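Here the structure is laid out as structure tokens; the discussion comes afterwards.
As the structure lists them, so they are numbered: ligands from 1, and atoms in each ligand from 1. Everything quoted here is computed from the prediction, not taken from an experiment.
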Amino acid sequence: MEPVPAAQLATWQQDFARDGYVVLRDLIAPEQVDELKAALLDVEERHGFGYAKTTFEGLRTVRINNLLALDERFWGVPLQPAVLALVEALLDKELLLSSLCSLTLGPGQEAQPLHEDTQQLPLARPRPPLALNAMWALSDFTEANGATLIVPGSHKLDHSPPYGAEVKTVAATMSAGSVMLFDSALWHKGGANTTEARRYALSCYYCMGWMRQQENLQLGIPRETAARFPRRLQELCGFSIYKGQYGHIDNRDPIELLGQAGKPTVWEATDLKLKRKAATPPSQP
Ligand SMILES: O=C(O)CCC(=O)C(=O)O
């Protein structure tokens with residue numbers, strides 16, 4: 001796949017900074033949308049997943065967590081090149097995957113309470129993006145079937161929404177194959193599904209590399225499964241050290257547990273630089 005042109009990336013970044021969200025329309029090929037939907041149905045049936053048990057998660061919603069452990073067909077989702085390039089530009093290249101789950105809204109699902117995704121963190125607002133949700137539409141998102149309801153620009157407010165508050169929202173309608181990226185500080189909620197059909201979606205949630213992930217992916221994904229991931233996916237799942245310092249195991253990069261060569265710690269890298277400098281002959285005046 002061609003890299004995203006710099007001008008396109010810059011436009012998405014500007015839209016995201018202004019509105020707190022941006023929709024990458026018709027990004028995913030229909031065949032991939034079909035494949036992911038088929039994978040969700042297989043996993044749901046194989047493991048007998050049913051509706052969620054809490055009103056927040058949705059009493060008529062099937063949410064499947066830890067998708068990477070359940071089916072290989074989800075492995076490409078966090079690595080989608082255009083989304084990952086944008087998320088790397090908005091956070092940094094050492095970001096992590098925070099969680100990957102499905103959001104299948106069944107008929108009769110009521111609108112979710114209004115919230116923001118990092119509401120629990122004791123941090124002042126407004127703040128630069130710390131975490132971003134990439135909402136993959138695997139069905140057309142319509143007002144009737146529960147398209148996510150958002151409050152554009154609310155990421156800039158100095159307070160979180162009163163949980164469940166009734167405020168004016170906009171339905172983030174988009175066609176299947178589109179991906180909406182939104183700042184975790186954006187006020188939002190899932191809409192009500194008043195149709196007879198399900199609304200299929202994936203929530204691929206990314207966060208800064210120094211943050212605790214929403215799902216504990218290092219423990220939740222069996223080691224032998226993670227060992228088969230592409231290296232970038234292993235890093236995103238937390239088999240990596242942030243800035244050569246955070247997340248090491250006895251000074252080793254945890255990716256070595258998966259049979260990969262690790263990166264040096266910041267302390268090793270500093271000594272290497274000093275050694276190289278000492279070995280470089282002084283330049284002639
Ligand atoms: O399903 C949706 O559209 C939104 C879900 C959501 O915001 C959440 O579960 O945090």
Inset, instruction - Report yes or no: does Glu57 have a heavy atom closer than 4.0 Å to ligand 1? - result: no

Legend entry - Heavy atom of the protein closest to atom 1 (O) of ligand 1 (residue, atom name, distance): Arg199 NH2, 2.8 Å

Legend entry - Pairs meeting criterion ring pair (Phe, Tyr, Trp, His ring centres under 6.0 Å) with involvement of residues 57-102, two or more places apart: Trp75-Phe229

Inset, instruction - Before accepting this row, confirm whether a basic side-chain N of the pair Glu31/Lys37 lies closer than 4.0 Å to the acidic partner's carboxylate O. - result: no

Legend entry - Proximal candidate to atom 6 (C) of ligand 1 [heavy atom criterion; set Met135, Glu116, Gln112, Gln214]: Gln112

Inset, instruction - Would you kindly confirm whether Met180 and Tyr200 end up in one hydrophobic cluster when ILVMFWY residues are joined by side chain heavy atoms under 4.5 Å apart? - result: no

Inset, instruction - Sequence neighbours left out, what passes ring pair (Phe, Tyr, Trp, His ring centres under 6.0 Å) with His248? Give chain and number order. - result: Trp267

Legend entry - Closest protein heavy atom (residue, atom, distance) for atom 10 (O) of ligand 1: His115 NE2, 2.9 Å

Inset, instruction - Determine whether any heavy atom of Phe141 lies closer than 4.0 Å to an atom of ligand 1. - result: no

Legend entry - Atoms in ligand 1 flagged as close to Asp117, the criterion being non-hydrogen separation under 4.0 Å: 10 (O)

Legend entry - Shortest protein contact, atom 3 (O) of ligand 1 (heavy atom only): Thr148 OG1, 2.7 Å

Legend entry - Salt-bridge contact Arg228-Glu224 (side-chain N to carboxylate O under 4.0 Å): no

Legend entry - Part of Asn133 with heavy atoms under 4.0 Å of ligand 1, whether side chain, backbone, both or neither: neither

Legend entry - Top protein contact for atom 9 (O) of ligand 1, by heavy-atom distance: Arg63 NH2, 2.7 Å

Inset, instruction - Using a strict 4.0 Å threshold on nitrogen-to-oxygen distance, state whether Glu94 and Arg232 make a salt bridge. - result: no

Legend entry - Note: Arg63-Glu44 ion pair, threshold 4.0 Å (strictly below): no

